[in-house]
Every structure is written in structure tokens, then in C-alpha cells.
Amino acid sequence: MADTWEQLTSECMQCHACALAETRTNIVFGVGARDAEILLVGEGPGQSEDEQGVPFVGRAGQLLDDMLEIIGLDRTKVYIANIVKCRPPGNRDPLNVEQDACIGWLRRQTALLRPKIIICLGRVAAKVIIKEDFRITAEHGQWFERNGVQMTAIYHPSALLRDVSKRPETFDDLKSIQAKIRQICTHTDI
Ligand code: URA
Ligand code: SF4
């Protein structure tokens, strides 16, 4: 039978499919509008997200909110999730085995949401969602189409905190995202 958001959320909240279950405080399922046309995908929860159970609530999250605001978006107009739902200890990258164990949850979220646009935040998400050999430095801001869904990747907000020189390129990428939304989205008035 097809998922409902309620079923999927309650199932995910019991997940022990990988070792990150042992060290997490909270599962970070996702946040936003369940009818959003735009899905943003990060890498995995950090410390603040693990404590609060909500994606992108720390320093990177503050920057993400500012980035959304630049193009007239906020958390009521998008859905935000991560490749892995539990925090990798010490903020290391999620291991392949953890990503493989967790990706089914995101696939089921995506099937429920049926977004028109998927925005990958950083290299890890882009490799899983767009293509295995994705090069974030060379290919950020480019558009890819998969099964009628428009996809792009931008630098992860944490990378923009570490290296402000990447911000002008990201501004251009955000403008391209805004243009794409204006072109194909119907319930986002921006
Ligand atoms: N970084 C991510 O990739 N995801 C979050 O939810 C927070 C920080
Ligand atoms: Fe389950 Fe994903 Fe958490 Fe691993 S990271 S325990 S697969 S929800």
C-alpha cells in the first residue's frame, strides 16, 4: 500500500537500520510543506539538529534561511531533508553504508512530495541524487533532469561559512533557481 506521511514518519522514527541509531539523540526526519514543489536535501544532521530533531537549525541553517530569503522562499514554501536522518558523530561525512541504509526514507519522502525541483546542498547529496561522479566545484548551478524532475546542486551552507569566496557564485546559482521556480512552479509566488 502507498505511504502516508503519518505512516512514513512513525516508521522512520523507529529506525535502527544503521549504527548511527546508537549515537543519535533525535532522528531528523524533515521539515516543511508536504505539498511543496521544491525539495532541498542536505547531508546529515549536525549537533544542533540532533538536539532539536529539525534539519538546518544551527549556523549553517541560519545561512540557509538567509539564502532562501534572497529568492523569496522560506520554510513554509519548501521541504528540507537530509541524506541520513541521524547525526554522524563528530560531524564526519556519512559512510556509504549509512547512506545506503538511509536513502529509502528520502526516496519515500520524495515519492509522497512529488517535487518539481530538487536542490542538493553540497557534494554528498549531489552524488547520491544527481550522479555518482558529481563535481561540486565544476557543476554547481547546472541543471539536470531525471524523470521529469529538475535537479541542481549548490555549495553546502557550511562550505559557504568556511569559504566566503564561494558566495558570489552561489548568489548566481540562487538566481538561476529562482528563474526555474518562476518558470515551472505553480504554488510558489516569488
Ligand atoms: N548540515 C546538513 O547537511 N544538514 C543539516 O540538517 C544541518 C547541517
Ligand atoms: Fe535509520 Fe537513517 Fe538513522 Fe541509520 S541514519 S538509523 S538508516 S534513520
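Counting starts at 1 for both ligands and their atoms, in listed order.
Cation-pi contact between Lys85 and Trp105: absent, since separation from the ring centre below 6.0 Å together with deviation from the ring axis within 45° is not met.
Under the 30°/60° scheme for interplanar angles, the aromatic rings of Phe56 and His156 are found to be tilted.
Legend: residues meeting side-chain hydrogen bond (donor to acceptor under 3.5 Å, both in side chains) with Lys77, ordered by chain and number and at least two apart, are absent.
Distances under 2.8 Å from atom 3 (Fe) of ligand 2 pick out the protein N/O/S atoms Cys86 SG.
The protein residues lying under 4.0 angstrom from ligand 1, judged by non-hydrogen atoms, are Gly42, Glu43, Gly44, Glu49, Pro55, Phe56, Asn82, His156.
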If you look only at distance, which donor and acceptor atoms sit under 3.5 Å apart when one is on a side chain in residues 120-133 and the other is two or more places apart or in another chain?
residue : atom : partner : partner atom : Å
Arg123  : NH2  : Asp93   : OD2          : 3.0
Lys127  : NZ   : Glu132  : O            : 3.1
Lys131  : NZ   : Glu139  : OE2          : 2.6

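At least one side-chain heavy atom of Arg75 sits under 4.5 Å from a side-chain heavy atom of Val31.
Within a 6.0 Å radius of CD in Glu69, no more than 12 heavy atoms belonging to other residues, nucleotides or ligands are found.
Checked by atom type, the side-chain pair Glu11/Gln7 shows no donor-acceptor distance below 3.5 Å.
Transitive grouping of hydrophobic side chains (ILVMFWY, heavy atoms separated by less than 4.5 Å) keeps Phe171 and Val164 in distinct clusters.
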**OP:** Kindly determine whether Arg24 and Glu51 satisfy salt bridge (charged side-chain N to carboxylate O under 4.0 Å, His left out), including the steps that lead there.
**Re:** CA-CA 9 Å; Arg24 73 183 176 219; Glu51 286 165 5; over 6 Å; no

